[in-house]
Every structure is written in C-alpha cells, then in structure tokens.
Amino acid sequence: APAGAAAPDYTALLNKLALYFQIRDDYINLLSEDYMKSKSFCEDLTEGKFSFPIIHAVRARADDTRLLNILKQRTEDVHIKRHAVDFMRGAGSFEYTRAVLGELRDDVEREIRGLGGHARLSALVTELDRQIRADGEGHAAPPESAAPLPPPPPGAPVDAKRADSI
C-alpha cells in the first residue's frame, strides 16, 4: 500500500473462505464417491459430529430421531451410513447446503472484487464450486472439463508443480 494508505483488510474474505471450505468439506464427507470407496465414508457420522448438513436434517425433521440415534452409535456400518445419507437427502439437507455454498461463493467473489480482484483465487473458487455442483450430489465432473487456472501475475512466487495440480 502507498505511504499513508491503509492496508487492505482481508478479514471478511478469509472468514467467508473459511466458512465455505468447512461447509464444503462437511458436504463432500457425506456425498463424495471417493469417500464412499474408502474407510472415511461419512466419517462425520462415525465420529458423531454435527456437521452442517447433519444439523440441517436434525432441525428439519425435529420429530424424527433416527439421525440422532445414528450419530450416537458412532457406527462404521456402511448400510447405516447410507440410510443416514438418504434421510438427509429426504430432509432437503444437501440441496440446502448447496444453496448456502452458492451464497457463500457469491459473497467470496464480491469480497475478491472489492479487494481489487484476483483471477487465480476466483478461478480456484469457481473450480471448487463446479466440483460440488457437477451433478447436484457432490460427484465431481471429470477433470478434463475444468477450465485451466489463469497464469499467476508477473513476478509472483509460484510453485509451478503445485499450481498446475490445483
């Protein structure tokens, strides 16, 4: 920042990004095909965690204690976990979570623009969002369909190997 000018305040952007990443992680933990094929499928259920979609389902179906009972079990049984996912789907929890993520994505984009813009960060947020919206249930579209990230600004320190894998 020029002498005498206040440095940009990134607090709101970082807070919104952190919330976006946490809710996105909660969502993917319950719906990702990759997670379903691994031991960490619905790990939040096994750990008894009240993640964002779980909280929505519990509140949306307050008269039905099945999901709370599953959380108390801390089960590793895939069939019970799938039942819990179906319960949350029926409660509209994944649809609601995607809507909230869309609002947060828009908030993040507004913050980025308000701070002068950042093409790479915007592209990253767009790609992360595309992955959860590919089919409406958290299954990512094939990577070939992803648009490449724009190049970093001249003189920016970049680990080329890592940047290409984002």
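Not measured: the values here are computed from a predicted model.
Applying the 6.0 Å contact sphere to CZ of F87 captures more than 12 heavy atoms from other residues, nucleotides or ligands.
Contact check for D129 versus I132: side-chain heavy atoms found under the 4.5 Å cut-off. L121 places none of its side-chain heavy atoms less than 4.5 Å from the side chain of V108. At least one side-chain heavy atom of R113 sits under 4.5 Å from a side-chain heavy atom of E109. With a 4.5 Å cut-off on side-chain heavy atoms, D25 and F21 do not count as touching. Side-chain contact between V85 and L31 is present, with at least one heavy-atom pair separated by less than 4.5 Å.
Expressed to the nearest 0.5 Å, how far CD of Q73 lies from CG of L68 amounts to 11.5 Å. A distance of 11.0 Å separates CG of L71 from OG1 of T65, quoted to the nearest 0.5 Å. Distance check: R82 CZ to H79 NE2 gives 6.5 Å after rounding to the nearest 0.5 Å.
In this structure a side-chain-to-backbone donor-acceptor pair under 3.5 Å is present from N29 to E43. Here the side chain of T46 pairs no donor or acceptor atom with the backbone of R74 at under 3.5 angstrom.
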Begin with the C-alpha distance, continue with both residues' side-chain angles, and end with the deciding distance and a verdict on side chain to side chain contact (heavy atoms under 4.5 Å, CB included) for K81 and I70.
CA-CA 8 Å; K81 290 179 180 184; I70 291 169; 6.0 Å; no
Side chain to side chain contact (heavy atoms under 4.5 Å, CB included) between D107 and Y20, intermediate numbers included:
CA-CA 10 Å; D107 288 348; Y20 178 86; over 6 Å; no
Does T97 form a side chain to side chain contact (heavy atoms under 4.5 Å, CB included) with D26? I'd like the steps, not just the answer.
CA-CA 9 Å; T97 300; D26 291 349; over 6 Å; no
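Residues L101 and R24 approach most closely at CD2-N, 3.7 Å, considering heavy atoms. The two atoms that bring R61 and G90 nearest to each other are NH2-O, 2.7 Å, heavy atoms only. Taking both residues in full, the closest heavy atoms of L30 and F41 are given as O-CE1, 4.0 Å, listed atom of the first, atom of the second, then distance.
Salt-bridge annotation for R98 and E95: absent, with no side-chain N of the basic residue lying under 4.0 Å from a carboxylate O of the acidic one.
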Side-chain atoms of residues 47-59: list all donor-acceptor pairs with protein atoms under 3.5 Å, sequence neighbours left out, distances to 0.1 Å.
unit_1 : atom_1 : unit_2 : atom_2 : d
E47    : OE1    : K49    : NZ     : 3.0
H56    : ND1    : S93    : OG     : 2.8

List the atom pairs, with distances to 0.1 Å, where a side-chain N or O of residues 8-15 and a protein N or O form a donor-acceptor pair under 3.5 Å, not counting sequence neighbours.
unit_1 : atom_1 : unit_2 : atom_2 : d
D9     : OD1    : T11    : N      : 2.9
D9     : OD1    : T11    : OG1    : 2.6
N15    : ND2    : T11    : O      : 3.4

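The salt bridge (Lys or Arg N to Asp or Glu O under 4.0 Å) pairs that include a residue from residues 10-22 are K16-E111, where partners are two or more places apart or lie in different chains.
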